[in-house]
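The analysis underlying the following values was restricted to heavy atoms, covering all of them including side chains, and did not include hydrogens, waters or symmetry mates. Here is how names work: the chains are called A, B, and so on, in the same order as the sequence lines, proteins then strands, and each is numbered from 1.
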Amino acid sequence: MSKEKGITSVRNTHEALQEKNYLAKLNKKPLLQRWQGYLKLTGPAAMEAATTLGAGSFASAVVMGAAYGYKMLWIPFYSYGIGLFMLALAARFVASSDIPIIEAQNKYHTRFVGAFATGIVACYLAMVVFTFGQYALGSDALESLFSLVGINFPRSINWIVIFIISAFLSLMYGRRGSIKYTKYVENAMKIMIAIMLITFLAVVLKTGIDVKATFKGILIPTIPKGIEGITIAIAGLTAAMGVGDWVQFHYVMHARGFSDQHEPLARFDMIVSGLIPVTVILSLVSIAFAEVYSGKPGIPLNSSELADGLISILPGIWVKACFYIGILAICVSTIVGMSILAATSFCQSVGWTPDPDKLHWKVLILSPQIGLFGAFLGKPIWAVITVASLQSLFNWLSGMSWYLLGNDKRYLGEKHVKSRIFNFGILLSVTVLNLVFFTFILSKLGVWPE
Amino acid sequence: MSNTMSRFLESVVGGLRIRTWLCFVLFIANFLIAHGAARYWQLGTSPLELIIGAVSTILLLIILSEPSH
């Protein structure tokens with residue numbers, strides 16, 4: 001069966017059914033025993049978190065820390081926190097229906113909403129274009145890492161290392177219809193997240209940290225008054241979580257064979273492997289830059305110059321190396337996550353089987369690797385602006401469609417959303433996406449500040 | 001009281017079609033927030049549009065949060 005349908009139908013394999021039976025028993029056990037059991041089975045949220053933790057969120061954390069100190073640490077926590085409702089909805093779709101989300105959107109809300117707005121714009125095009133930024137940052141970090149020991153390993157050559165690791169892991173995903181290979185890749189992503197945690201913690205231990213200001217900054221949101229405040233709030237709430245992240249989480253759960261018994265595990269996973277690492281890693285990056293730059297006049301405005309400034313004050317070669325290795329882990333893991341999402345979403349949009357053993361999958365999963373030109377040219381600004389504009393224009397449609405499907409008995413039967421709080425959280429995400437759309441249009445009309 | 005409110009909200013939201021139309025009303029309410037904020041802070045006009053947008057958004061979020069039974 002899995003041979004016929006690819007990563008969206010491994011839930012009936014022997015391995016998946018065995019896990020389902022184990023979870024049916026585990027779900028009835030006391031809380032601590034359940035959590036202990038769930039810990040061994042986490043993974044899909046790590047895939048999603050590793051994709052989110054990319055060059056874009058790194059640059060944003062760098063600039064926010066340097067410019068605002070500890071005040072903007074709330075952004076990743078609240079952005080991901082509100083996004084949890086959408087991830088929980090993604091898990092509900094997997095747990096309650098055999099129809100993957102883009103197919104369901106095509107069926108109930110037209111192909112324009114499913115295949116075009118969600119599959120092509122929010123996922124495929126975005127993943128291809130945003131890979132340029134990962135190669136630009138990753139190859140820069142690799143060059144700087146080798147220069148620490150006096151070796152010249154220029155970007156024009158070192159991109160090959162990033163390419164080999166990311167292409168190997170991407171092609172490994174879901175091979176031979178086996179969950180085993182999917183788990184290999186998930187574990188590789190977990191290792192890279194652990195590397196990010198350890199390396200950035202090492203950096204912060206050297207730059208210093210104000211623990212009280214950290215907790216205050218993460219838990220209590222502060223925004224400037226007036227229109228600047230609204231702009232920062234909207235940008236902040238979409239910073240760590242977007243439509244691509246919901247879709248990613250949905251399909252990687254399918255690829256792991258998740259079904260009805262997996263919903264509690266998915267909710268546990270999205271907090272333990274998603275919310276916590278994303279908040280901690282981005283906070284550590286912001287804190288390092290807050291400690292070095294905050295309150296100082298005339299700080300650089302771009303993340304690359306800011307990073308150079310941080311490196312110059314870090315003592316010892318190992319701490320400097322840690323910083324660059326952390327950045328490399330960010331870039332490589334994001335390229336892998338983006339490649340998998342690009343292939344899955346494209347297949348779902350055009351009706352092809354998302355089968356990792358088929359040639360079309362291999363071509364599609366390698367297509368975001370065109371971003372390797374980022375090592376030579378940097379980010380193609382025109383492409384990034386075009387895709388970001390398309391996302392601003394169409395993401396609200398995907399959000400509304402997900403909310404409606406969550407309340408649609410034709411799709412979910414009696415497992416449709418029955419909690420007011422759940423629906424409210426989903427609608428908050430939809431409202432933020434609506435506001436992104438309107439502020440984008442109004443800024444183009446000159447009514448809203450750019 | 002809570003049950004009465006719940007029954008009322010459910011009768012308002014009703015089926016999927018009404019829920020869909022209310023989503024578009026929410027979309028318009030969100031436009032009023034963005035446009036009203038821009039007019040109020042950029043052009044210094046009355047905040048009425050912003051207030052109408054914010055109040056109707058909150059009301060619609062409450063109504064649309066009601067699950068179907």
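Paired with B/L61 under the rule side-chain contact (heavy atoms from CB on, under 4.5 Å), one option of A/N423, A/V430, A/T431 passes, and it is A/T431.
Atom NZ of A/K107 has 12 or fewer neighbouring heavy atoms from other residues, nucleotides or ligands inside a 6.0 Å radius. Atom CD1 of A/I381 has more than 12 neighbouring heavy atoms from other residues, nucleotides or ligands inside a 6.0 Å radius.
Interface residues of residues 39-53 of chain B toward chain A, defined by a heavy-atom distance below 4.5 Å and sorted by number: B/W41, B/Q42.
Interface residue A/V447: backbone and side-chain heavy atoms are both found under 4.5 Å from chain B.
How far CE of A/M400 is from CG of B/L26: 6.5 Å, rounded to the nearest 0.5 Å. If you take CG on B/L22 and CG on A/L427, they are separated by 10.5 Å, rounding to the nearest 0.5 Å. Interatomic distance, CG of A/L435 versus CG of B/N30, reported as 5.0 Å (0.5 Å rounding). Rounding to the nearest 0.5 Å places CZ of A/R410 at 5.5 Å from CG of B/L16. Annotation: the span from B/S68 atom OG to A/H416 atom NE2 amounts to 4.5 Å, rounded to 0.5 Å. Here the straight-line distance linking atom NE2 of B/H35 with atom OG1 of A/T439 works out to 13.0 Å at 0.5 Å rounding.
Minimum heavy-atom separation, A/S419 to B/P67: N-CG, 4.2 Å. Shortest non-hydrogen contact noted between A/W448 and B/A34 is CZ3-O, 3.1 Å. Contact between B/C23 and A/L404 at its shortest, heavy atoms only, is SG-CD2, 4.2 Å.
Between B/F27 and A/F437, the distance separating the two ring centers is shorter than 6.0 angstrom.
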